[in-house]
Number of protein chains: 2
Amino acid sequence: MSGKAGQGRKFDLDEALEAATLVFWDHGYEGTSLAELTQAMGINPPSLYKAFGSKEELFFSVVDHYNATHGNFMAIAFAEETTGLTLMRRLLLEAAEHYASTTYPGGCLVISAAVTVTATNRHVANRLAKMRNDNINAMAEALTRDRDAGHIPPDTDTKAMAAFIGATLQGMSQQARDGATQDDLKRIAHYAITAIGA
Amino acid sequence: MSGKAGQGRKFDLDEALEAATLVFWDHGYEGTSLAELTQAMGINPPSLYKAFGSKEELFFSVVDHYNATHGNFMAIAFAEETTGLTLMRRLLLEAAEHYASTTYPGGCLVISAAVTVTATNRHVANRLAKMRNDNINAMAEALTRDRDAGHIPPDTDTKAMAAFIGATLQGMSQQARDGATQDDLKRIAHYAITAIGA
DNA sequence: ACATACGTGTAGCGATCACTACAAGAAAGA
DNA sequence: TCTTTCTTGTAGTGATCGCTACACGTATGT
């Protein structure tokens, strides 16, 4: 009663997920067709649907995969940095390297993959927007802990400061897609770092 | 030999262009279908193609219309402000008002309408990217004039400063689409203003 | 060896995409 | 009035969209 009968999957789930990630990262959610996905993943539509459910479910599996791999520098920084200011500094500088990497699509998948969408797919864009806002809120909380600990002035608007850093990161992502180099982004990052005294 | 025979156009070009602008602004280039456009414009496909050529040509007519109307606060600020720093300050504060206006779609059409696109429409995204980069270069030139006039330190990296303001504006545009209010954006703007000493 | 269970490839589903052929209708010139 | 010239609405074009029915093949369990 332990094992299951049947043919068993013929392709590697993680490899297929990574291939789909690169396509979605480059062309966005609606800009990527199933034909493109199946070709990049090396499988046919029925295999894709069997393994991932639908284009939308595959996309959010891709988002999870992205957050756990290419985008995990964010979560690692959140876990390792002990103060809000050093966290902001590290996020900005590491984003500059990742967003303008020459071996992967430019920018951040969560920031760019579903900015404008068809009316029927608005909920997909909304879900990514919530992830962006959640990230800003997490930055604000880290800065609030700094404030409570006396590391930054007690009248600091930590929500506004986090939104400012978030805006800078989002702008860096777009400029990476627009052709900016890692050096270009680092110079932007340093302006933001100086602005908040980090 | 002066006048021309024929029926003459039955709809107003500018009204149709404005209606198309609101749809493209909201859903982006590829997220907007011809059915949506014709319904919003109150005309049928043949009239649209007769007047504007194609979906792509209509879109760039819309971009021109946008720059001449909703987005003209940028060109006006460029023309009226006498120093680079006051120009940056004005762009940031006015963008905060425009991007989070409650009577129009959020953000800036040039920034958000074609971030990720199908492979066949990459040239559309590239054209908007060039407009964004041209805008940053124009900001850099204004700041370089400031530097040459001695208003800002002689070792100022004006290109980097302009890229930083451009990134802030682009981030503000996305956060407006993500639900930020005019107040939220103004607080972001003030961080950037303080950062460059404007 | 046999039966069972699963994934896979082929081939095509209805819906929607951007776009257009065509004829009817309406205004201007003679 | 009659002809010319232009725009308009109807109705569709081929192509592509996301998705799936179904038979085949291949593996496992007994």
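The chains referred to below are lettered A, B, ... by the order of the sequence lines, with proteins before strands, and numbering in each begins at 1. Atoms considered below: every heavy atom in the structure, side chains included; atoms not considered: hydrogens, waters and symmetry mates.
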Exercise for the section: Using whole Å, report how far CZ of A:R9 lies from P of D:dT28. Expected result: 15 Å
Handout entry: Within residues 35-49 of chain A or reaching into it, pairs that qualify as side-chain hydrogen bond (donor to acceptor under 3.5 Å, both in side chains) - sequence neighbours excluded
Key = A:H27-A:E36
Practice task
Verify side-chain contact (heavy atoms from CB on, under 4.5 Å) between B:H98 and B:L185, making sure each step is shown before the conclusion.
Solution key: CA-CA 10 Å; B:H98 282 85; B:L185 296 194; over 6 Å; no
Practice task
Go through D:dT20, D:dT8, C:dG7 for me and flag the one nearest to the A:K50 side chain.
Solution key: C:dG7
Handout entry: B:E141: side chain to side chain contact (heavy atoms under 4.5 Å, CB included) partners, not counting sequence neighbours
Key = B:R145
Cut-off 3.5 Å, no hydrogens considered: what does the side-chain donor-acceptor table look like for residues 188-198 of chain B, sequence neighbours left out?
| residue | atom | partner | partner atom | Å |
| --- | --- | --- | --- | --- |
| B:T194 | OG1 | B:H190 | O | 2.8 |

Exercise for the section: Write down the distance between CD (B:E56) and C1' (C:dC19), rounded to a whole number of angstrom. Expected result: 14 Å
Problem - Set of salt bridge (Lys or Arg N to Asp or Glu O under 4.0 Å) partners for B:D134, sequence neighbours left out - result: B:K130
Practice task
Only counting residues at least two apart or in another chain, list the ones meeting side chain to side chain contact (heavy atoms under 4.5 Å, CB included) with A:N72.
Solution key: A:I76
Fill in the blank from the handout: Contacts of A:R127 meeting side chain to side chain contact (heavy atoms under 4.5 Å, CB included) (sequence neighbours excluded), chain-then-number -> A:F60
Handout entry: Spacing between B:K55 atom NZ and C:dC17 atom P, to the nearest angstrom
Key = 9 Å
Exercise for the section: Measure the distance from CZ on A:F59 to C1' on D:dC19 and round it to the nearest whole Å. Expected result: 19 Å
Problem - Whole-Å gap separating C1' (D:dG18) and CG (A:L58) - result: 12 Å
Exercise for the section: Name all residues meeting the salt bridge (Lys or Arg N to Asp or Glu O under 4.0 Å) criterion together with A:K55; count only those two or more places apart in sequence or in a different chain, and write none if there are none. Expected result: none
Exercise for the section: Mind checking salt bridge (Lys or Arg N to Asp or Glu O under 4.0 Å) for A:R122 and listing every partner two or more places apart, or none if nothing turns up? Expected result: B:D26
Short heteroatom pairs, N/O only, protein and nucleotides 10-14 of chain C, under 3.5 Å:
none

Fill in the blank from the handout: By salt bridge (Lys or Arg N to Asp or Glu O under 4.0 Å), A:E56 pairs with (sequence neighbours left out) none
List, with names and distances, any nitrogen or oxygen atoms from the protein found under 3.5 Å away from nitrogen or oxygen atoms belonging to nucleotides 3-5 of chain D.
| residue | atom | partner | partner atom | Å |
| --- | --- | --- | --- | --- |
| D:dT5 | O2 | B:G6 | N | 3.1 |

Exercise for the section: Starting at atom CD of B:E57, determine the distance to atom P of C:dT20, rounded to an integer number of angstrom. Expected result: 11 Å
Practice task
Examine distances only and state if a side-chain atom of A:R132 and a backbone atom of A:V110 form a donor-acceptor pair shorter than 3.5 Å.
Solution key: yes
Practice task
Between B:S54 and B:G8, just flag the one whose closest nucleotide in DNA chain C comes earlier from the 5' side.
Solution key: B:S54
Completion exercise
Under a 4.0 Å heavy-atom cutoff, the residues of residues 10-43 of chain A touching DNA chain C are A:K10, A:F11
Exercise for the section: Respond yes when some side-chain nitrogen or oxygen of B:Y49 is under 4.0 Å from OP1 or OP2 of C:dC19, and no when none is. Expected result: yes
Handout entry: Any B:S47 side-chain nitrogen or oxygen under 4.0 Å from OP1 or OP2 of D:dT7
Key = no
